[in-house]
Amino acid sequence: MLSSFFGSGSSEKCSGRASTHTGKCDATQKKNSPSTPSPNSSNLRLVRGFSPPASSSIPSSTNLILSENKNVQHSSASSSSSLPVSSRLSSKQQHQHHPQAHTSKSFNMSSAQEIDGAAHRVSLSASPTSNFSTSPFAARYQNAGQSSKHLKPFNTEDVRILLLENVNQTAVDILKKQGYQVEFHKASLPEEELIEKIRDVHAIGIRSKTRLSANVLKEAKNLIVIGCFCIGTNQVDLDYAAKHGITVFNSPYANSRSVAELVIGEIIMLARQLGDRSNEMHKGTWNKVSARCWEIRGKTLGIVGYGHIGSQLSVLAEAMGMNVIYYDVVPIMALGTAKQLPTLKDVLNQADFVTLHVPELPETKNMIGKEQLDQMKKGAYLINASRGTVVDISALIAASREGRIAGAALDVYPSEPAANGDYFNSTLNIWGDDLRTLKNLILTPHIGGSTEEAQSAIGIEVGEALVRYINEGNTVGAVNMPEVSLRSLTSEEDNHARVIFIHSNRPGVLRQVNEILGDHNVDKQMSDSRGDVAYLMADISDCSPKDIKVLYESLESLSARVLTRILY
Ligand SMILES: NC(=O)c1ccc[n+]([C@@H]2O[C@H](COP(=O)([O-])OP(=O)(O)OC[C@H]3O[C@@H](n4cnc5c(N)ncnc54)[C@H](O)[C@@H]3O)[C@@H](O)[C@H]2O)c1
Ligand SMILES: O=C(O)CC[C@@H](O)C(=O)O
């Protein structure tokens, strides 16, 4: 059987918070059923509210289609009569209500009553026919020699995903291949528009510009997962997300090499004043000089933050004959002949080039200000490709004008535009115009990770993480949830259900959960916690849809519950 379940309801109707994080009436069908429509041919659409799992009195398969004008439309299912009902509802869907969602343009939701009245219309859900996993990483979670059972929390066409900031086509392809509804935007969205759109989606994909603050996330009643198609996750309120059952993934190192290569290029450019020479030539000026132009061989590179990028850079810099010193808050094994120094000041005192590769944190805000610039060697260079808040730009402008630093390269800024265009001015950042007047200053528009290689790899990595999470509940690689995975169920494992229970991490919850699961055969179970939030996943055999309904309702009644999903 290839069915799915995302929570369940409490009555034999589509109800719940029809306008909010509600579940959906839907149906699934057996894999390889001759009547299985292709993922893209199904006439299912996202439906909020939910139908109960199958019981003897419930039609075998149920679906609702919501139209933009709030009408609940019928969807007929020619061959679904023998198929089980599948229903899904997260705890958020059931317990949160957002009054404005009824007016949402893309999701003019039916009210509970409307859904109620239209319940039990029968249709089919398309099941994916191909395995989404393309990476060896994903293969670790498959069952050797057996075909995996594809768990689906939704009918694939019900899953709505919003992709912003020109996320790579590789991700779009992976997500569309699942049959998900993908809405793609090249730029980030202004907060108001973002809030409008985020209400309706189950997953969102962003890069560094989209701020997913608590203010935005509190409107995201359907959201179960966020994909940051980049390294940095400072743009997301990770804690708020975790406490509301929203799992966040990123791509921790797929663009590290691209950043490291950019910085190597910039070191040479700064040492040879290439930016200025090139600008002069563009204006018709021939200015052949060697004064204060240097080789980088034998010079000292000071790396602040010796993580994925810093350590890559270390290797490349040594290969070019540089000496490498670094500062990091944790002891990290040096690569090559690089040397970790005890303080930031030590690195600033000794380096000819200082390059920053720390995350945006309260501790790294204005980490390089006047005091630190004064500690740098006279005539040294500063490179920042980490986050704009790490450098006090006004202090940098002063140091450059006074000739204390010989040049700088900036890829990141405290305020960055949401889209490409003529936005890099004093309106965006108060010192914008002053900055542009400086000599030997390389300015780039946050392109450290912007290579074809990096973006394509990130698209695949985060795209697959989203699919694994949506379809199987696997949190490996999550940045704000405990990492929990269970091997995939096999297609032979009929009538198995996967229970996912995100809950507050407090004493006694596991005992309560296991009392609820205890009437069933728990084939496997894994649970882990991270701060205040815990994530439990269990596979249960011989589970009828009626059992699932009971399980779901029992788990939902626990006061520690953050989010319940049941996949089958
Ligand atoms: N310009 C770009 O396009 C671009 C691309 C990728 C990443 N980034 C930025 O670069 C940052 C670093 O990336 P990474 O992959 O190397 O991250 P990472 O997590 O692998 O490494 C960061 C290192 O900084 C260290 N660190 C943290 N706080 C510190 C402090 N106060 N002082 C000194 N060291 C500290 C950590 O211990 C860690 O070793 C990211 O967080 C992201 O913001 C920018
Ligand atoms: O691509 C981006 O927008 C962000 C790149 C980089 O800052 C990252 O965090 O990976």
Side-chain angles (χ1 to χ4, degrees), residues 163-168 171 186-188 205-211 227-236 238 248-263 265-266 302-316 325-335 338 340-348 354-369 372 383-391 409-414 416-420 442-459 461-462 479:
L163 294 181
L164 304 178
E165 302 186 55
N166 206 16
V167 160
N168 194 259
K186 278 200 153 207
S188 176
I206 60 168
R207 288 170 65 184
S208 54
K209 303 291 177 294
T210 306
R211 297 254 153 227
C228 297
F229 287 79
C230 54
I231 292 179
T233 52
N234 55 293
Q235 67 280 36
V236 180
L238 296 176
V248 182
F249 292 93
N250 73 339
S251 172
Y253 42 76
N255 66 15
S256 313
R257 173 72 186 203
S258 299
V259 181
E261 287 189 10
L262 178 78
V263 173
E266 289 176 336
I303 300 175
V304 181
Y306 202 68
H308 290 109
I309 297 171
S311 54
Q312 274 275 319
L313 185 56
S314 174
V315 174
L316 296 177
I325 54 177
Y326 62 93
Y327 169 67
D328 200 291
V329 278
V330 292
I332 300 184
M333 189 188 72
L335 298 177
Q340 181 160 15
L341 301 188
T343 66
L344 174 61
K345 190 174 172 205
D346 292 330
V347 168
L348 298 176
V354 174
T355 183
L356 309 171
H357 301 287
V358 291
E360 181 178 89
L361 297 169
E363 310 87 74
T364 59
K365 189 173 165 60
N366 288 333
M367 187 181 189
I368 302 294
Q372 291 71 29
I383 298 170
N384 184 19
S386 60
R387 282 293 179 263
T389 52
V390 176
V391 175
L410 301 178
D411 187 44
V412 286
Y413 310 88
E416 296 180 2
N420 290 345
I442 299 167
L443 298 174
T444 47
H446 202 151
I447 51 164
S450 298
T451 61
E452 296 285 358
E453 291 92 338
Q455 292 308 311
S456 147
I458 290 171
E461 184 178 5
V462 181
V479 295

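When a residue number appears, it is its place in the shown sequence, counting from 1. Whatever order the structure lists them in is the order used to number ligands and atoms, beginning at 1.
Taking CG of Leu164 as the start and CD1 of Ile206 as the end, the distance is 7.5 Å to the nearest 0.5 Å. The OG atom of Ser256 sits 11.5 Å away from atom CD of Glu261, with the distance rounded to the nearest 0.5 Å. Taking OG from Ser208 and CG from Asn250, the interatomic distance works out to 12.5 Å, rounded to the nearest 0.5 Å. Expressed to the nearest 0.5 Å, how far CD of Gln235 lies from CZ of Arg207 amounts to 11.0 Å.
Val304 has its side chain out of reach of Tyr306: every pair of non-hydrogen atoms, C-beta onward, lies at least 4.5 Å apart. Residues Asn234 and Pro359 have side chains not in contact (no heavy-atom distance under 4.5 Å, counting atoms from C-beta outward). A heavy-atom distance below 4.5 Å is found between the side chains of Pro252 and Glu461. Two residues are said to be in side-chain contact when any heavy atoms from C-beta on lie closer than 4.5 Å; Tyr327 and Leu348 fail this criterion.
Of the polar atoms of Ser208, at least one N or O is found under 3.5 Å from an N or O of ligand 2, judged by distance alone. Of the polar atoms of Arg387, at least one N or O is found under 3.5 Å from an N or O of ligand 1, judged by distance alone. Not one N or O of Ile447 is nearer than 3.5 Å to an N or O of ligand 1, by distance alone. Below 3.5 Å of separation, one finds an N or O of Ile231 facing an N or O of ligand 2. Between Gly449 and ligand 1, a contact under 3.5 Å exists for at least one N or O pair. For ligand 1, the polar-atom distance check finds an N/O of Asp411 within less than 3.5 Å of one of the ligand's N/O atoms. The distance criterion of under 3.5 Å between nitrogen or oxygen atoms is met by Ile309 with respect to ligand 1. The shortest N/O to N/O separation between Lys209 and ligand 2 does not fall below 3.5 Å.
The protein heavy-atom contact nearest to atom 11 (C) of ligand 1 is Val358 O, 3.6 Å. The nearest protein atom to atom 37 (O) of ligand 1, hydrogens excluded, is given as Asp328 OD1, 2.5 Å; this is a heavy-atom distance. Of the protein's non-hydrogen atoms, the one nearest atom 21 (O) of ligand 1 is Gly307 CA, 3.2 Å. Ranking protein heavy atoms by distance to atom 40 (C) of ligand 1, first place goes to Ile231 CG2, 4.0 Å. Remark: minimum distance from atom 44 (C) of ligand 1 to any protein heavy atom is reached at Ala385 O, 3.0 Å. Among all non-hydrogen protein atoms, the one lying nearest atom 27 (C) of ligand 1 is Pro359 CD, 3.5 Å.
Under 4.0 Å from ligand 2, the heavy atoms of Asn255 that appear belong solely to its side chain. At a 4.0 Å heavy-atom cut-off, ligand 1 touches Val329 through backbone and side chain alike.
Distance remark: protein heavy atom not present below 4.0 angstrom from atom 19 (O) of ligand 1.
Interface of His446 with ligand 1, defined as ligand atoms under 4.0 Å from a residue heavy atom, comprises 1 (N), 2 (C), 3 (O). Counting atoms of ligand 1 from 1 in the listed order, those under 4.0 Å from a heavy atom of His357 are 12 (C), 22 (C), 23 (C), 24 (O). Annotation for ligand 1: atoms under 4.0 Å from non-hydrogen atoms of Val330 are 37 (O). Below 4.0 Å from some heavy atom of Thr364 lie the following atoms of ligand 1, by number and element: 31 (N). Proximity to Gly232 (heavy-atom distance under 4.0 Å) selects the following atoms of ligand 2: 8 (C), 9 (O), 10 (O). Of all the atoms in ligand 1, the ones that sit under 4.0 Å from a non-hydrogen atom of Asn255 are 5 (C), 6 (C). Of all the atoms in ligand 1, the ones that sit under 4.0 Å from a non-hydrogen atom of Val259 are 4 (C), 5 (C), 6 (C). Atoms of ligand 1 found under 4.0 Å from any heavy atom of Met367, numbered from 1 in the order shown, are 30 (C), 31 (N), 32 (N), 33 (C). Atoms of ligand 2 lying under 4.0 Å from any heavy atom of Cys230, numbered from 1 in the order shown and given with element: 4 (C), 8 (C), 9 (O), 10 (O). Near Ser386, meaning under 4.0 Å from any of its heavy atoms, are these atoms of ligand 1: 9 (C), 10 (O), 43 (O), 44 (C).
No donor-acceptor pair closer than 3.5 Å links the side chain of Thr364 to the backbone N or O of Met367. Side-chain atoms of Glu266 never come within 3.5 Å of backbone atoms of Ile442 as a donor-acceptor pair (strictly under, hydrogens ignored). Checking side-chain atoms of Gln372 against main-chain N and O of Gly369 turns up a donor-acceptor pair under 3.5 Å.
Contact between Glu360 and ligand 1 is absent, with no heavy atom of the residue lying under 4.0 Å from the ligand. Residue contacts with ligand 1 include Tyr327, since one or more of its heavy atoms lies under 4.0 Å from the ligand. At least one heavy atom of Ile332 sits closer than 4.0 Å to an atom of ligand 1.
The option with the heavy atom closest to atom 1 (O) of ligand 2, from among Gln235, Arg207, His446, Gln455, is Arg207.
Counting only N and O atoms by type, the side chains of Ser258 and Asn255 include no donor and acceptor under 3.5 Å apart. Counting only N and O atoms by type, the side chains of Asn168 and Ser456 include no donor and acceptor under 3.5 Å apart.
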